[in-house]
Amino acid sequence: MTDAEILETLTRILRDLLGEPGIVLTPATTRPEIPRWDSFSYVTFIVAVEVEYGIKFHLTDVESFETVGEIVAKIKELKA
Amino acid sequence: MTLASPQDFRARLAAANGVEAAPVRLAALADLARERRAFLETIQLDAALARTPGAGEGIEPLRLALLSAGTTDHLLPAIRVAGLGRGLRLETWAAGYGQYRQALMDPASGLHAHAPEAVLFALVARDFLGAVPVTAGAEEAEAALDAAVADLRGLWARARAAGAGLVIQQSFLDLEPELFGGLDAVVPGAPARLVAALNARLAAAAGAEGVLWLDVARAAARDGLDAWHDPLRWLQAKMAIRMEAGPAYGEMVARLIAAARGRSRKCLVLDLDNTLWGGVIGDDGMAGIVLGEGSGPGEAHLALQRYAKALKARGIILAIASKNEASVAEAALREHPEMLLRPEDFAAMAINWTDKATNLRAIAKSLNIGLDALVFVDDNPVERAQVREALPMVAVPELPADPALYVRAIAAGGHFEAASFTADDAARAGQYAANRERADLAAAAGDMEDFLGALAMEVDFGPVDALARPRATQLINKTNQFNTTTIRRSEAEVAEMAARPGAVTLWFRLADRFGDNGIVSVMLMVPAAGAGGVLELVNWVMSCRVFGRGLEEEALNIAVEAARAAGAGAIRAAFVPTEKNGVIRDLFPRLGFAPGAEPGEWVLDLAEYAARPTRIARKETGPS
């Protein structure tokens, strides 16, 4: 599982969730850059990612992710 | 039902989204809503629904408010989507986190502006019992439980005062960690015991007050608490029900509201070979089929029969649709020593070589119920697919390959959810079976008048008082065919209307030589606003089981007498056409009503009304 594959999956999930097919995520993307990616849709996004990968983030991780790249790295770590 | 693949779902959602006409798009979304889906797909479906205005053919709008101790925003899409799957367009409003008391008490709150027809209380036990110390004695614990129940009943009363005819109380999840172990169920002040006791008491109070019980605690007991509650999401976002459980939760809510609106199903249609028993009766013979105690597979088929029998005992009609030689299959039903269901348990039997869809149509017609009242159970995936294709309104549970899991698969569909249970319900399935005998008599009698005379019918009637109210309300809410206005009512509304000065409310019970049909018709008449001496017939319903026997004439005779006694000079009625009440399209003109001022309005002048002859006697002991 490469970083690019994970990034592609996260992009698909966020597009479905927000109904915005034009969203593009990069490792450097932060939440405020994406319109309507508020704290509620962030929790929804996290749960969707957990379901997709069969993983569970720690609460402290969920609250400390700053960039999409950090989420990608944590997924790789949990799936390793 | 199988979980559709995400790709397939995406393609079908895109196709539905591409439809220009809103009603057609809504119907396509409703088809998707009837399938099982994960929570992210539910959110997408809900977003498409939000872009599709209005209700549609057979889709009823209803305003629902959620009053919750925690966050419920993540559950609203699933509730709306599940509602759509059951013919309900739910307009939802949710109180802010922990704001439910203020919302109820402040007349300027968003709750009151929403004017909810249904209110759902989704609360947390700790808010009501958290102050009880673990050292509390039995008396102190009881007092705390009494206070919690009284508090909650007060909230229900406020919801009703806010105009909600339907009040739904969610059972409390036991979120408490083990404190003692086994003693948690024993020590009076142990948190787990308090939650269990609160649920038991509150369920009893809900039953007494006509409040619907949303039993997530039982669902959690079945699926495991982890399937319903995630401590992380509670701590992080105050979600008492976890996000992934949204679709299942939405189903439970929608199913309960649909039941209260008369949208539950009425009849279980069963296949025989490899469903009601193992093997093929035509090939294996009576001695060769697998059924009964002593072998696991035999007990699995017996368990399905036991489940069907239990459903019949609560009033669900049973029927058979089987490709078989009728004489051979019927002999097995009659004579097999292990058979729990016998021919007299079934209100309709279609055992022949015709296709199942045709047979299901015949069964619905013979029982005089809609195809959307049927649940069809068949082990054969080809038969299931044929019925789904030909008759999408019939519910067809997807059965697993192993018969041991049949009962669970059928029950999981929740098609027979009930909002109330009365003695009349319990008797109903037997009454349908008795209808088979009445049909035989009709065939023998030849002439309609001879038949009606031979039935020896007797009507009993009375005002809709507290005793008759539950059944009368239920009949108003579940009757679709003989229903003049299709206005649904809660028990509280019926009570309020009956109490109005000058109102005339009536129930009718019909018995004949084959048995008592129970309360089969209800009329609600209230004084018309601004028109002295006029009674407005706002609801008239009659069970389809007794159509064509002259009860509508005799009921009107009785209603006219009661209306005259109440000082009325005329009865004004409205006929509101729906997809299903075409059978009474010409009811009012046929009964002598004259066209009123408005289209669809009918007026009966009581001074000129002459009682119409019928073959129905009045019960001597009844009120007159």
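In what follows, chains carry the letters A, B, and so on, assigned in the order in which the sequence lines appear, proteins first and then strands, with residues in each chain numbered from 1.
In this structure, the portion of A:Ile46 lying under 4.5 Å from any heavy atom of chain B is its side chain and not its backbone. The contact between B:Asp73 and chain A is made by backbone and side chain atoms together, counting heavy-atom distances below 4.5 Å. Residue contact with chain B, scored on non-hydrogen atoms closer than 4.5 Å, involves the side chain of A:Val51 exclusively. The contact between B:Leu232 and chain A is made by backbone and side chain atoms together, counting heavy-atom distances below 4.5 Å.
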- [ ] Dump the intermediate steps for salt bridge (charged side-chain N to carboxylate O under 4.0 Å, His left out) on B:Glu244 and B:Arg242, then the final yes or no.
- [x] CA-CA 6 Å; B:Glu244 301 93 314; B:Arg242 69 187 301 162; 3.0 Å; yes
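Side-chain rings of A:Tyr42 and A:Phe65 stay apart, their centers remaining 6.0 Å or farther from each other.
Residues A:Val49 and A:Phe57 are in side-chain contact: their nearest non-hydrogen atoms beyond the backbone lie under 4.5 Å apart.
In summary, of the residues considered (B:Asp46, B:Leu66, B:Thr42), a side-chain contact (heavy atoms from CB on, under 4.5 Å) with B:Ile79 occurs for B:Leu66 alone.
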